[in-house]
Amino acid sequence: MPGSNTYYSIIALLDIALVTFVLYKIFLLIKGTRAIQLLKGLGILLAVTIISQWAGLYTINWLLQKTIGMVFVALPVVFQPELRRALEQLGRGKIFASSSRQLGPEARKRLLEELVRAISQASQQKIGMLIVLVGESKLHEFTETGTYIDGVVSRELLANIFSPNTPLHDGAVIIDGERVVAAGCLLPLSENREVGRELGTRHRAALGISEVSDAVAIVVSEETGTISVAQEGNLTRYLSEKSLKEMLEVLYSAPENQNRPWWRKVR
Ligand SMILES: Nc1ncnc2c1ncn2[C@@H]1O[C@H](COP(=O)(O)OP(=O)(O)OP(=O)(O)O)[C@@H](O)[C@H]1O
């Protein structure tokens with residue numbers, strides 16, 4: 001009943017849950033974009049401002065406060081493309097969309113069949129491949145670096161894209177749901193020093209994208225034909241066709257994080 005303590009407790013809980021959900025969605029939206037670097041910079045600036053105030057460094061504190069004010073004014077200008085995209089997504093209701101890996105049984109079966117066929121064929125022929133499977137973070141920052149395709153995933157399309165000496169074979173293909181969004185995309189390279197020296201930039205790019213987002217990247221080595229999968233900053237190497245299929249089935253049957261509490265989704 002409005003006015004009672006229980007009523008206010010329920011409203012407060014609802015309020016907290018809504019704020020948490022909105023913050024989580026914003027985090028997913030900016031994860032893997034340049035906004036995250038800017039947030040880190042702002043965090044450092046805020047920390048230094050607080051320290052300077054605490055230490056009584058009034059002039060530097062005044063300067064830092066003015067700088068932070070200017071940064072906030074500059075934010076909408078610097079992030080104009082990202083803000084526009086976020087508002088467009090909000091308008092289309094896409095912000096509240098779930099993971100791209102949640103497909104119907106028929107679509108999932110077809111997608112996995114086509115992916116596994118294309119990858120094992122490339123592995124046998126030692127054709128280099130780098131495929132990124134989008135999760136909840138949409139990776140616009142990276143699809144924009146490549147060539148827009150928007151085609152249904154098929155073994156023929158993937159074989160064509162990665163065919164040596166063709167314009168799109170360099171870089172990564174980004175797959176969202178059942179569609180190849182773009183090809184020839186540039187991904188961030190992992191700086192993980194524990195990665196074997198024999199692994200070059202293709203494997204580092206796969207690891208890199210899995211470190212900054214919830215995407216999963218599949219690599220076929222041009223040198224050896226081995227299949228590897230990068231997920232959450234870990235690289236699983238020497239996969240057989242069977243183990244790749246099993247891995248993909250798990251990935252697509254249980255949307256990532258399904259078995260994890262929500263707070264563990266945010267890394
Ligand atoms: N930042 C990047 N984003 C996407 N793809 C990349 C990136 N850097 C390199 N590549 C791809 O990796 C290829 C070079 O692979 P390289 O031989 O250095 O890697 P590798 O891990 O040893 O793989 P392989 O075993 O296939 O040789 C490039 O031709 C390009 O297609």
Side-chain angles (χ1 to χ4, degrees), residues 23-41 43-44 98-102 112 115-116 119 123 128-146 170-177 181-182 185-224 226-240 243-267:
L23 286 179
Y24 172 61
K25 281 291 172 184
I26 291 175
F27 181 82
L28 282 181
L29 205 69
I30 63 172
K31 199 175 171 193
T33 69
R34 61 201 172 119
I36 214 85
Q37 304 302 330
L38 188 117
L39 279 185
K40 281 185 197 163
I44 293 171
S98 52
S99 168
S100 309
R101 295 190 203 124
Q102 285 171 315
L112 297 196
L115 274 176
V116 172
I119 293 163
S123 162
M129 238 185 200
L130 177 50
I131 296 177
V132 178
L133 305 172
V134 168
E136 282 189 49
S137 0
K138 297 298 170 197
L139 310 182
H140 298 294
E141 192 87 353
F142 305 107
T143 49
E144 280 167 5
T145 62
D170 258 337
V173 152
I174 297 184
I175 293 179
D176 187 353
V181 184
C185 303
L186 271 180
L187 306 180
L189 295 181
S190 167
E191 286 175 15
N192 188 342
R193 285 165 193 266
E194 286 164 27
V195 176
R197 277 172 179 268
E198 75 278 13
L199 294 179
T201 47
R202 202 188 311 269
H203 290 82
R204 283 196 172 272
L207 259 180
I209 195 73
S210 78
E211 286 168 358
V212 300
S213 72
D214 62 344
V216 170
I218 305 168
V219 190
V220 176
S221 165
E222 193 171 18
E223 241 166 86
T224 60
T226 53
I227 304 170
S228 310
V229 171
Q231 187 172 15
E232 298 190 341
N234 296 308
L235 193 70
T236 311
R237 299 181 64 197
Y238 309 111
L239 287 169
S240 62
S243 48
L244 172 73
K245 194 165 183 217
E246 283 167 4
M247 214 165 173
L248 290 177
E249 268 164 4
V250 172
L251 186 70
Y252 279 84
S253 63
E256 68 287 353
N257 311 317
Q258 197 181 55
N259 299 322
R260 293 201 255 163
W262 68 268
W263 61 87
R264 287 212 50 216
K265 292 180 191 176
V266 184
R267 288 193 311 125

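For reference, positions follow the sequence shown, starting with 1. Note: hydrogens, waters and symmetry copies are ignored here, and every other heavy atom, side chains too, is used.
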Taking all non-hydrogen atoms of both residues into account, name the closest pair between M129 and R202 and its distance. O-CD, 3.5 Å
In Å, rounded to the nearest 0.5 Å, how long is the span from CG of L207 to OG1 of T201? 12.0 Å
Could you check whether any side-chain N or O of S243 sits under 3.5 Å from a backbone N or O of L239, counting only pairs where one atom can act as donor and the other as acceptor? no
Exercise: identify the closest heavy-atom pair between H140 and T143: O-OG1, 3.0 Å
Looking at CG of L139 and SG of C185, how far apart are the two atoms once the value is rounded to the nearest 0.5 Å? 9.0 Å
Smallest separation among heavy atoms of F142 and L186, with atom names: CD2-O, 3.6 Å
What's the shortest heavy-atom distance between V132 and A215, and which atoms? CG1-CB, 3.7 Å
Taking all non-hydrogen atoms of both residues, which atom of E141 and which atom of T145 are closest, and how far apart? O-CG2, 3.6 Å
Using side-chain contact (heavy atoms from CB on, under 4.5 Å) as the criterion, list what pairs up with A205, not counting sequence neighbours. L130, L187, L189
Any non-hydrogen side-chain atom of P188 less than 4.5 Å from a side-chain atom of I209? yes
Check for a donor-acceptor pair, side chain of R204 on one end and backbone N or O of S190 on the other, with a separation under 3.5 Å. yes
Heavy-atom side-chain proximity of Q231 to T236 below 4.5 angstrom: no
side-chain hydrogen bond (donor to acceptor under 3.5 Å, both in side chains) with S221: which residues, sequence neighbours excluded? T224
Report yes if some heavy atom in the side chain of I175 is under 4.5 Å from a heavy atom in the side chain of L115; otherwise report no. yes
Going through the distances and angles, do V216 and M247 end up as a side chain to side chain contact (heavy atoms under 4.5 Å, CB included)? CA-CA 11 Å; V216 170; M247 214 165 173; over 6 Å; no
Hey, could you give me the CD1/CG distance between I119 and L244, rounded to the nearest 0.5 Å? 5.0 Å
Can you list everything that forms a side-chain contact (heavy atoms from CB on, under 4.5 Å) with S123? Sequence neighbours excluded, please. V220, I227
L251 side chain reached by V229 side chain, heavy atoms, under 4.5 Å: no
